Every structure is written in structure tokens, then in C-alpha cells.
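Being a predicted model, the structure only gives us computed values, none of them experimental. Sequential numbering from 1 along the given sequence is applied to the chain's residues.
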Amino acid sequence: MNAGKKAQILCLLVATFGHVSCASNAPRESRDVEHGGGGALAGLSTVSALLVALPLIPFVEAYDWLNNTDEKRRVKARAIAAHFAPIYAERTRRIRARSPKADANELADRGVHVLLPSTPGGVVYPGLAHDRWADVDHERNADKIAADPLAVELIQLMAPDAVQDEQAESHYSGQAWRDFIDAYFDYKTAFNEQMLARCEQQLPRACER
């Protein structure tokens with residue numbers, strides 16, 4: 001806090017608690033001339049008011065610290081958004097450009113029957129009824145994904161950025177992030193529905209879920 005601003009706040013505190021004016025001494029001088037000796041009493045009143053205000057200085061400093069902290073947070077939030085928004089906007093564009101049904105068919109044609117979880121290593125599968133999630137062999141599904149380049153590419157494309165995922169203080173939740181979530185959820189829902197349809201067309205247990 002600069003000295004001028006701090007002085008203004010202290011003056012307000014003195015005026016509030018000591019009932020004196022920080023703006024001008026003219027009225028007090030006028031009273032001194034009229035009544036004689038008033039200057040000393042006025043000076044004592046001012047000193048008393050300052051003594052009352054002194055304990056409030058830490059609160060002035062705290063107010064300034066809070067203001068600075070809020071501004072730093074805003075600056076940091078803008079920097080985070082500037083970094084992550086373009087990343088997620090590009091991810092969203094790439095996801096929307098893909099065909100989930102075509103990708104599912106390509107994998108199924110090669111005998112790779114996998115379901116895409118909502119998050120890497122997760123146990124929630126968009127497009128699959130929640131009462132069937134427990135039927136999925138999550139570990140085997142993850143292993144099969146890890147063994148296929150296309151499945152790995154899809155998982156990585158729809159995963160949070162590595163920096164954001166590892167650093168909580170870098171979390172971004174702006175519009176580009178929300179658009180990204182909508183895009184990958186729509187994609188995974190359509191992909192998993194198509195993969196389930198392909199499984200049902202084949203022999204029982206063909207998908208080995």
C-alpha cells in the first residue's frame with residue numbers, strides 16, 4: 001500500500017474515532033483565536049484520536065493484503081485460461097472431427113473389443129447403463145486399451161492435459177474445458193454404444209467384458 005493511500009485511510013479512522021478533521025485546520029485555528037488555549041486541547045484531541053487509530057493499522061495492512069491477493073488470483077486465473085483454453089479448444093475440434101462409430105468399427109474389425117471409460121482408468125462408461133458397469137472387467141479392459149495404438153490415441157485425446165491433471169493449482173474450468181467435456185462425453189457414448197452393438201452381433205462373450 002503506498003503512503004498516500006495509507007494516510008487517507010488513517011485520516012478516515014482518526015476522523016471517525018476522534019471526531020477531528022484531516023482536511024483542514026482552519027476551523028480549529030478560528031476556535032483557538034476565539035476561545036484562547038483551544039489549540040492545546042485540540043492538539044490533545046488529535047493525539048488521542050491517533051492513539052485510538054494506531055491499533056487499527058494492522059487491519060489496514062490486512063485490507064491491503066486481501067486486495068493484492070485477490071488481484072494476484074485474477075492475474076493467475078487469466079494466465080491459466082490463456083494457456084489451457086486454446087489446448088482444449090483444439091482437442092474439442094479434433095474430437096468433433098472424428099466418427100465414434102467408425103473408430104469403434106475399426107477396432108471391432110480387428111478383434112479389439114473395448115469400452116472407453118469417462119476418465120482414463122475409470123469405471124464409468126458413457127453409453128452403458130450404470131447397472132452394467134460392474135459387469136465390465138475394468139483391468140482387462142484397460143490392458144486391451146493400452147495394447148492398441150488407436151485405443152491409446154483416443155484415451156489420450158480425451159484425457160485432461162497432463163499439466164492440469166498433475167498440478168491442482170493449475171486447474172482450469174472455463175468454457176473451453178466445458179466444451180471439451182461435452183465433446184468427449186458425446187463421443188464416448190456413441191463409441192461405446194456402437195461397440196456394444198458389434199458385440200451383440202457376434203458370438204456370446206465375444207467382447208469378453
Side-chain angles (χ1 to χ4, degrees), residues 69-70 72-209:
T69 299
D70 287 343
K72 288 177 181 177
R73 287 174 179 167
R74 286 191 289 270
V75 170
K76 184 175 182 179
R78 288 194 292 269
I80 290 174
H83 175 77
F84 286 111
I87 292 175
Y88 287 115
E90 174 61 16
R91 295 270 195 93
T92 298
R93 185 195 66 76
R94 290 171 57 193
I95 293 170
R96 295 295 188 191
R98 300 193 71 97
S99 168
K101 291 185 177 181
D103 289 339
N105 286 334
E106 179 181 338
L107 288 172
D109 288 343
R110 292 192 277 105
V112 180
H113 301 102
V114 296
L115 295 174
L116 299 181
S118 59
T119 57
V123 297
V124 173
Y125 301 89
L128 182 65
H130 67 84
D131 58 349
R132 297 184 63 188
W133 294 343
D135 296 335
V136 179
D137 186 333
H138 309 300
E139 185 175 351
R140 180 174 175 77
N141 187 69
D143 289 343
K144 291 167 69 176
I145 289 174
D148 187 88
L150 175 57
V152 170
E153 178 186 351
L154 296 176
I155 288 294
Q156 292 177 344
L157 175 61
M158 298 175 221
D161 183 84
V163 174
Q164 174 167 314
D165 196 37
E166 294 173 0
Q167 300 180 15
E169 65 273 14
S170 297
H171 182 66
Y172 169 68
S173 58
Q175 186 60 50
W177 166 256
R178 296 191 290 272
D179 292 342
F180 168 70
I181 292 176
D182 289 342
Y184 84 61
F185 191 86
D186 290 345
Y187 177 96
K188 291 182 178 182
T189 297
F191 177 98
N192 289 341
E193 288 176 346
Q194 181 63 19
M195 186 62 73
L196 289 172
R198 287 293 301 269
C199 289
E200 292 174 357
Q201 294 171 6
Q202 299 180 31
L203 296 175
R205 302 182 61 80
C207 285
E208 299 180 345
R209 291 195 301 274

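Atom CD1 of residue I155 and atom OH of residue Y184 lie 10.5 Å apart, to the nearest 0.5 angstrom. Between the CD1 atom in I145 and the CG atom in L116 there is a gap of 5.5 Å [rounded to 0.5 Å]. In this structure, CD1 in I181 is found 13.5 Å from CE in M158, a value given to the nearest 0.5 Å.
Evaluation of the ring-ring contact (aromatic ring centres under 6.0 Å, His included) test over residues 133-160, restricted to residues two or more places apart or in two chains, returns Y125-H138.
Between F191 and V114 the shortest heavy-atom distance is CE2-O, 3.6 Å. Contact detail for H113 and C199: the closest heavy-atom pair is CD2-SG, 4.2 Å. Minimum heavy-atom separation, L107 to M195: CB-CE, 4.1 Å. Here the shortest heavy-atom pairing between Q175 and R178 reads OE1-NH2, 3.0 Å. Of all heavy-atom pairs spanning L150 and R98, the tightest one is CD1-NH2, 3.6 Å. Contact between P117 and P126 at its shortest, heavy atoms only, is C-CD, 4.2 Å.
Taking 4.5 Å as the limit, every side-chain heavy atom of L128 sits out of range of all side-chain heavy atoms of D135. Inter-residue side-chain proximity for L196 and L115 is flagged as met; some heavy-atom pair is nearer than 4.5 Å. A 4.5 Å side-chain heavy-atom check between K188 and L154 finds every atom pair outside the cut-off. With a 4.5 Å cut-off on side-chain heavy atoms, V136 and V123 do not count as touching.
Between the side chain of R91 and the backbone N or O of W177 there is no donor-acceptor pair closer than 3.5 Å. At distances below 3.5 Å, at least one donor-acceptor pair connects side-chain atoms of Y88 with backbone N or O atoms of D161. Side-chain atoms of N141 do not come within 3.5 Å of backbone N or O of D137 as any donor-acceptor pair.
The aromatic rings of Y172 and F84 sit parallel, their planes meeting at an angle under 30°, below the 60° perpendicular limit.
Scored by the salt bridge (Lys or Arg N to Asp or Glu O under 4.0 Å) test, D148 finds R110 as partners (sequence neighbours excluded).
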Legend entry - Derivation and outcome, side-chain contact (heavy atoms from CB on, under 4.5 Å), residues R198 and D109: CA-CA 9 Å; R198 287 293 301 269; D109 288 343; 2.8 Å; yes
